[in-house]
Amino acid sequence: MIDVPLSALEVAMVQTGTRAVETLRDTAAFAQGLERLGYHRIWYAEHHHSPAIGAFPPVVLTAHSAASTSAIRLGSGGVLAPNHAPITLAEQFGTLAALHPDRIDLGIGRGPGTFDEATARALRRGAGPTTDAEYHDDVAAILSFLVDEVALGPLPEPWLLSSSTAGAALAAALGLPIAMAHHIRPGNTQAALERYRAEFIPSRWCEEPRVLVCVETVCAETEEEAAWRVGPMNVVKAGLLKGMSEIPFPTPEEAATHPFTTQERQALADFRAQQAVGTPEVVVQRLAQLAGETGADELMLTTPVYDLGDRIRSFELIKKYSEATTAP
């Protein structure tokens, strides 16, 4: 039923009652599990100074998982250009691509990766928020330095991450494949993709528009179990709606007793309606619908649930059901 490749975004949630090092150790097991299931790629997100998400550099997680697997593509989803010198990103991912040919992606984004202004300034050595022009220059410089790394061998595959029409316009102007953050701002997806396709200019990186759509996805054997597993992320999202960034990732038991307001419940229901949560049949149908509506060439699933086994099981159920429904 889903006729596009399926991939995964690893956000590396640090669960209440565990240490960040345990989350870090899970990354290789997760990559190995998804490789066995036949998923296309895994990307690692950049976050800083969050009680719920580990501050693990995407380049380090990519290197670690690449050494622990043999076929699945790996990379950043994404490294945040304002936090890094362009030449450093080109050298890091160029080296990874040389060590693991045709397996490394360089997904580039703009956000600070933190809600804390002091942390953002520390990452940028005291500089304030980047302007549109500075971000455009940074992305162009990264691509230019990547070309300089060609002597190493195969280059990493560059992508531009976007959640807006402005990001889509930049991806189109540079001729880059685009990864839409539907799991963050689903209301922007269609307009951004329309602009991307209308303004796309072919480049050495991409001859025609190429679209990946990231979807928050939680699958379980029953609707009740899926709702149970998605509970912790609902607590985190409700906190973000209030402007609270210091929200730990609770256990499902803690989430089940969380006092959501009526407004929070409605906002969460509206968001979930645009993602994919439920049984294998419901989730696969929803993902197929999203692929059709967006014209996506690939779907990337992010599954922020409490237990590693439950997370891998979600990916397993989706893959098995999808393959069973498309078998001749």
Side-chain angles (χ1 to χ4, degrees), residues 7-13 41-48 50 52-53 58 75-84 105-115 120 123 129-136 138-139 142 158-200 206 209-217 233 236-241 243 245 267-268 270-276 286-287 290-291 293-304:
S7 297
L9 174 66
E10 171 63 285
V11 182
M13 306 297 292
R41 71 177 96 227
I42 301 172
W43 283 353
Y44 301 99
E46 179 179 344
H47 292 277
H48 303 276
S50 167
I53 304 174
S76 56
V79 288
L80 304 175
N83 297 343
H84 308 274
D105 302 325
L106 172 53
I108 306 166
R110 176 174 178 171
T114 179
F115 291 97
L123 287 163
T130 186
T131 65
D132 288 348
E134 288 170 339
Y135 176 56
H136 295 181
D138 280 347
V139 176
I142 292 168
W159 290 73
L160 197 74
L161 279 60
S162 175
S163 62
S164 69
T165 54
L170 178 60
L174 295 174
L176 292 176
I178 192 171
M180 281 303 305
H182 185 82
H183 66 302
I184 297 176
R185 294 188 178 91
N188 293 351
T189 299
Q190 290 292 3
L193 290 180
E194 287 174 8
R195 183 167 184 180
Y196 171 69
R197 293 187 173 107
E199 300 180 9
F200 184 85
C206 201
R210 186 176 173 197
V211 172
L212 178 153
V213 174
C214 189
V215 188
E216 191 164 300
T217 308
M233 195 58 189
V236 174
K237 287 187 181 297
L240 294 176
L241 289 172
S245 60
L268 288 167
D270 291 344
F271 174 79
R272 292 279 164 233
Q274 299 181 78
Q275 308 300 314
R286 176 60 182 146
L287 292 174
L290 272 172
E293 291 174 349
T294 61
D297 300 294
E298 183 174 341
L299 294 177
M300 179 166 277
L301 318 182
T302 181
T303 305

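Each residue takes its place number in the sequence, starting with 1.
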Exercise: identify the closest heavy-atom pair between [X] and [Y]:
X	Y	result
A276	L287	CB-CD2, 3.9 Å
C206	P177	CB-CD, 3.9 Å
A192	A168	O-CB, 3.2 Å
G78	P58	O-CG, 4.3 Å
I142	A81	CD1-CB, 4.1 Å
L299	A291	CD1-CB, 4.1 Å

Taking atom [atom1] of [X] and atom [atom2] of [Y], what is their separation to the nearest 0.5 Å?
X	Y	atom1	atom2	value
E199	T165	CD	OG1	9.0 Å
W43	L212	CH2	CG	5.0 Å
E10	I42	CD	CD1	7.5 Å
W159	R41	CH2	CZ	5.0 Å

**Prompt:** Given the rule in the side chain to side chain contact (heavy atoms under 4.5 Å, CB included) test, do S164 and R185 qualify, once you have shown the distances and angles that lead to the verdict?
**Reply:** CA-CA 8 Å; S164 69; R185 294 188 178 91; over 6 Å; no
Going by heavy atoms in the side chains, are [X] and [Y] under 4.5 Å from each other?
X	Y	value
V213	L290	no
C214	L9	yes
Y196	L160	no
R110	D132	yes
L176	I108	no

Are any side-chain N or O atoms of [X] and backbone N or O atoms of [Y], one a donor and one an acceptor, separated by less than 3.5 Å?
X	Y	answer
S7	M300	no
Y44	V79	no
N188	S163	yes
R286	T217	no

**Request:** Starting from the C-alpha separation in whole Å, work towards a yes-or-no answer on side-chain hydrogen bond (donor to acceptor under 3.5 Å, both in side chains) for S76 and E46.
**Result:** CA-CA 8 Å; S76 56; E46 179 179 344; over 6 Å; no
**Message:** Checking I178 against R210 for the side chain to side chain contact (heavy atoms under 4.5 Å, CB included) test, could you report, in this order, the C-alpha distance in whole Å, the side-chain angles of both residues, the deciding distance, and whether it holds?
**Reply:** CA-CA 6 Å; I178 192 171; R210 186 176 173 197; over 6 Å; no
**Message:** Under the ring pair (Phe, Tyr, Trp, His ring centres under 6.0 Å) definition, can you give me all pairs with a residue in residues 161-190, not counting sequence neighbours?
**Reply:** none
**Verdict with supporting geometry, V139 and L170, side chain to side chain contact (heavy atoms under 4.5 Å, CB included)** = CA-CA 9 Å; V139 176; L170 178 60; 4.3 Å; yes
**Message:** Would E216 and Q274 count as a side chain to side chain contact (heavy atoms under 4.5 Å, CB included) here? Give the steps.
**Reply:** CA-CA 9 Å; E216 191 164 300; Q274 299 181 78; over 6 Å; no
